[in-house]
Structure formats: structure tokens, C-alpha cells
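One structure, as C-alpha cells, below. Some questions next.
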Amino acid sequence: MARSANLPVASLFLMNRRDFIRTSATFAAGTALANCRTADEHLIHFELHGPEDGVPLFLGFPLMASYAEIFGEEQAAVKNGFLNRLTDRYRVLLVDYPNVGRTMVPAPAEMTPDRVYSDLLSVADAAGFDRFAYCGHLWGAINGLMLASRSDRVSALICGTWPPLGAPYADMLRGGEMQLAEPPPHAMVILRNPEQYAQWHTFYSGMQDWPEAEVAAAITCPRIALIGANAESSVAGIPLRLVERVREARPALEAMGWTVREIPGAETAAILDPAVMVPEIRSWLDQV
């Protein structure tokens with residue numbers, strides 16, 4: 001359960017796995033707006049929503065704490081739609097990461113998989129989440145795979161719109177390299193400058209030897225691979241074949257104890273449609 005009820009309004013120190021994390025928080029109407037400082041004194045902004053005794057749920061990328069500030073006030077309904085449908089039972093953690101919104105870390109050359117893993121666990125520590133359910137899509141799903149396989153902190157994993165086996169890590173690296181000189185407009189919506197796009201090259205370079213079969217088998221908490229039946233994506237014109245890859249991996253995943261679920265008719269955009277996504281999340285997560 002969340003320990004956030006014990007966080008004072010003033011600054012305090014919490015011990016994470018190896019380092020101190022400093023947290024300052026402001027609380028109002030069941031919501032905590034907070035920053036944690038990593039060991040190198042960089043701020044990571046996060047928010048907590050819902051009852052202090054609610055089930056801890058970390059909602060990862062593409063949802064962010066400062067969603068409306070990043071995408072415009074007209075997009076506030078996306079974040080609010082998820083929170084309104086989840087916070088009756090769940091204590092929801094949202095974070096601005098990586099280097100978006102009110103967070104200005106990590107630098108592109110520092111965004112290795114190890115750094116991402118450590119930063120996200122630091123946020124969970126600062127939020128008072130000992131163990132937590134995790135839900136993320138695309139890059140956020142990769143983060144969930146790292147958190148669930150490298151720690152014992154994840155109580156349930158929703159790996160959204162990303163195949164836990166047979167994932168296109170090589171395509172992501174190749175496509176990212178092709179776009180380094182001129183990042184696509186959709187990427188620049190959240191990036192501070194074109195140079196920041198190199199963070200994806202750093203991250204996916206570090207994922208090329210990712211032992212995904214060992215990882216998928218090592219995750220033993222309740223876990224589901226969830227994808228829209230019509231969800232597709234590409235990078236630099238390279239099709240990622242996400243649905244096809246999930247279907248190909250399904251027999252192996254189910255033999256490992258994974259649940260695999262396709263949402264009929266749902267396209268990639270459904271990951272940001274709370275009316276579509278939250279019923280799927282709750283129908284599975286409420287049971288586990």
C-alpha cells in the first residue's frame with residue numbers, strides 16, 4: 001500500500017535502494033504534487049491522485065503528470081478521464097519523464113536503460129510505493145518490463161501496445177538514427193529542442209542485447225500484454241508490426257503464464273482514450 005499518507009507537507013528525506021532522495025510535496029483534495037531529487041540533485045516531478053489508502057498504481061508513459069501543460073489545455077480531458085475512472089480505488093502515480101514538463105532530466109547521453117530504471121524506482125520510492133501495479137504503453141511498456149524483471153516491486157504489470165517477446169528494438173534504434181538530424185514533428189511536441197531526440201538513440205542502443213525471453217519468463221507477478229487489434233506504429237517509415245508481433249509471441253507468452261488480450265477495433269490512439277482503455281485496465285487489474 002502507499003505510504004504517502006505519512007509524507008509531511010515540508011521537505012523530507014527518504015532512503016531509496018542506495019541513495020537519498022529528497023521530496024517536497026503539496027497536498028490538496030487527495031492529490032500530492034511533488035518533486036524528488038535524485039542523488040545528483042536533479043528534480044523529477046510527479047503527482048499522486050486518489051485515496052491515500054488506495055491500491056498503488058503507477059501509470060507510465062505516455063501519460064504524464066503535466067499532461068495539459070505539455071499538450072495544451074484542450075488535452076487535459078485525457079489525464080482527467082483516466083483519473084476520474086481510477087481514483088475511486090487506486091492511488092495513481094504520474095510522472096513527468098523523460099525530460100518533459102516540469103522534469104529536466106536525464107540529458108540525452110545519460111538516458112540509458114539503467115538510468116531510466118533507477119529514476120523510475122526513485123520516483124516510486126519518493127511516492128511511498130513499496131509495491132505497485134504498473135501500466136504503460138510503447139516506451140512506457142518497456143519501462144514496465146524493466147521494473148518488473150529487475151525488482152520485486154511490481155505487483156501486477158500491464159504491458160501495453162508492445163510485445164514482451166519479439167519486440168522491434170533493432171527497428172527503433174535504426175529508425176531513431178535515421179531521424180537524428182531532423183526529428184519528426186510529432187516528437188518535437190514533447191521535446192525541448194531537436195538535440196534531445198538523441199535520448200532515444202542512447203536508450204535503444206542499450207536495449208540491443210536485452211534478453212527478452214529470459215525477462216518475459218522471469219516476471220512472475222500477474223501480467224498481461226494488452227494491445228488494440230488495429231494498433232500499428234512506425235519509426236522513420238519502418239513498420240513496427242506490433243499486433244503481428246504480439247500474435248506471434250502469444251503461444252510462448254501464455255505458456256509462461258502471461259495473459260494476452262487484444263481490444264477489438266482499437267487503434268494505437270486508443271492508448272490515450274480513457275473510455276476505451278480504463279475498462280480494459282480495470283477488468284483485469286481489479287481481479288488481481
Side-chain angles (χ1 to χ4, degrees), residues 1-8 14 16-17 21 23 25-34 36 44-65 67 78-97 117 119-137 140-141 143-161 164 219-226 257-259 261 263 271-288:
M1 300 299 286
R3 294 196 309 263
S4 50
N6 299 323
L7 288 173
L14 292 172
N16 73 352
R17 302 156 315 284
I21 303 170
T23 305
T26 302
F27 293 84
T31 297
L33 311 179
C36 75
I44 300 177
H45 176 73
F46 67 90
E47 295 179 358
L48 286 163
H49 298 266
E52 294 181 353
D53 61 350
V55 178
L57 172 59
F58 194 150
L59 281 187
F61 185 93
L63 287 170
M64 304 167 196
Y67 198 87
V78 172
K79 173 182 168 182
N80 292 339
F82 277 87
L83 293 176
N84 291 341
R85 291 169 170 83
L86 288 167
T87 52
D88 61 314
R89 178 176 184 183
Y90 294 94
R91 181 69 161 167
V92 177
L93 170 61
L94 296 171
V95 62
D96 286 348
Y97 194 83
Y117 168 79
D119 282 350
L120 294 180
L121 271 191
S122 294
V123 172
D125 289 339
F129 279 17
D130 289 322
R131 283 176 58 80
F132 51 90
Y134 180 93
C135 175
H137 293 267
N143 296 339
L145 291 168
M146 290 195 296
L147 291 169
S149 63
R150 296 178 60 180
S151 80
D152 60 358
R153 305 277 295 275
V154 178
S155 59
L157 172 65
I158 299 174
C159 180
T161 322
I219 298 173
T220 57
C221 66
R223 58 250 187 235
I224 184 172
L226 180 66
W258 283 73
T259 298
R261 161 78 174 149
I263 307 172
I271 66 178
L272 291 171
D273 185 342
V276 172
M277 197 54 56
V278 176
E280 296 290 339
I281 293 173
R282 301 242 7 199
S283 67
W284 182 77
L285 195 56
D286 287 354
Q287 299 178 56
V288 302

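Bear in mind that the values here come from a model prediction, so they are computed numbers and not experimental data.
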ask   = Any side-chain heavy atom of M277 within less than 4.5 Å of one from I263?
value = yes
key: Least distance between heavy atoms, V95 atom then H45 atom   =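 Where V95 meets H45 most closely, the heavy atoms are CG2-O, 3.3 Å.
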ask   = Are any side-chain N or O atoms of S155 and backbone N or O atoms of A133, one a donor and one an acceptor, separated by less than 3.5 Å?
value =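 Yes: the side chain of S155 pairs with the backbone of A133.
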message = Are V154 and I219 packed together at the side-chain level, in the sense that at least one heavy-atom pair is separated by less than 4.5 angstrom?
response = no
note = For A124, the side-chain contact (heavy atoms from CB on, under 4.5 Å) test, sequence neighbours excluded, returns F129, F132, R153
note = Across all chains, not counting sequence neighbours, the salt bridge (charged side-chain N to carboxylate O under 4.0 Å, His left out) partners of D88 are R282
query = Who are the side-chain contact (heavy atoms from CB on, under 4.5 Å) partners of T220, not counting sequence neighbours?
reply = none
task = Start with the C-alpha gap between F82 and K79, add the side-chain angles, then the distance that decides, and say whether side chain to side chain contact (heavy atoms under 4.5 Å, CB included) holds.
result = CA-CA 5 Å; F82 277 87; K79 173 182 168 182; over 6 Å; no
Nearest-0.5 Å distance, CG of residue L157 to CD1 of residue I224 = 10.0 Å
key: Side chain Y134, main chain G140, donor-acceptor under 3.5 Å   =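 Such a contact is found between Y134 side chain and G140 backbone.
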inquiry  = Please give me the minimum heavy-atom distance between L48 and A127, naming the atom from each residue.
reply    =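 The answer is CD1-O, 3.8 Å.
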Closest non-hydrogen atom pair between G81 and P274, with its separation = C-CB, 3.5 Å
request  = Apply side chain to side chain contact (heavy atoms under 4.5 Å, CB included) to L272 and Y67, showing your working.
outcome  = CA-CA 11 Å; L272 291 171; Y67 198 87; 3.4 Å; yes
query = Looking at W258 and R223, what are the two nearest heavy atoms and their distance?
reply =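 What the structure gives for the nearest pair is CD2-CG, 3.3 Å.
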ask   = Applying the side chain to side chain contact (heavy atoms under 4.5 Å, CB included) test to V123, which of D96, L94, L93 qualifies?
value =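 Checked D96, L94, L93 against V123; only one passes side chain to side chain contact (heavy atoms under 4.5 Å, CB included): L93.
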task = Would you check if T259 and L226 make a side-chain contact, meaning some heavy-atom pair closer than 4.5 Å?
result =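 No, side chains not in contact.
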inquiry  = Please determine whether side chain to side chain contact (heavy atoms under 4.5 Å, CB included) holds for the pair R261 and W284, giving the CA-CA distance in whole Å, both sets of side-chain angles, and the decisive distance to 0.1 Å.
reply    = CA-CA 10 Å; R261 161 78 174 149; W284 182 77; over 6 Å; no
query = How long is the gap from CD1 on I44 to CG on D119, to the nearest 0.5 Å?
reply = 4.0 Å
request  = Measure the CG-CZ distance between L120 and F46 for me, rounded to the nearest 0.5 Å.
outcome  = 12.0 Å
key: Short side-chain to backbone donor-acceptor contact, R131 and D152, under 3.5 Å   =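 Checked: pair present.
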message = With rounding to the nearest 0.5 angstrom, report the CG to NE2 distance, L57 to H49.
response =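 Here the interatomic distance stands at 12.0 Å.
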request  = Starting at CG of D53, measure out to CZ of R91 and round the result to the nearest 0.5 Å.
outcome  =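 So the CG of D53 and the CZ of R91 are separated by 9.0 Å.
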From L285 atom CG to C135 atom SG, the distance as rounded to the nearest 0.5 Å =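 L285 atom CG to C135 atom SG measures 8.0 Å (nearest 0.5 Å).
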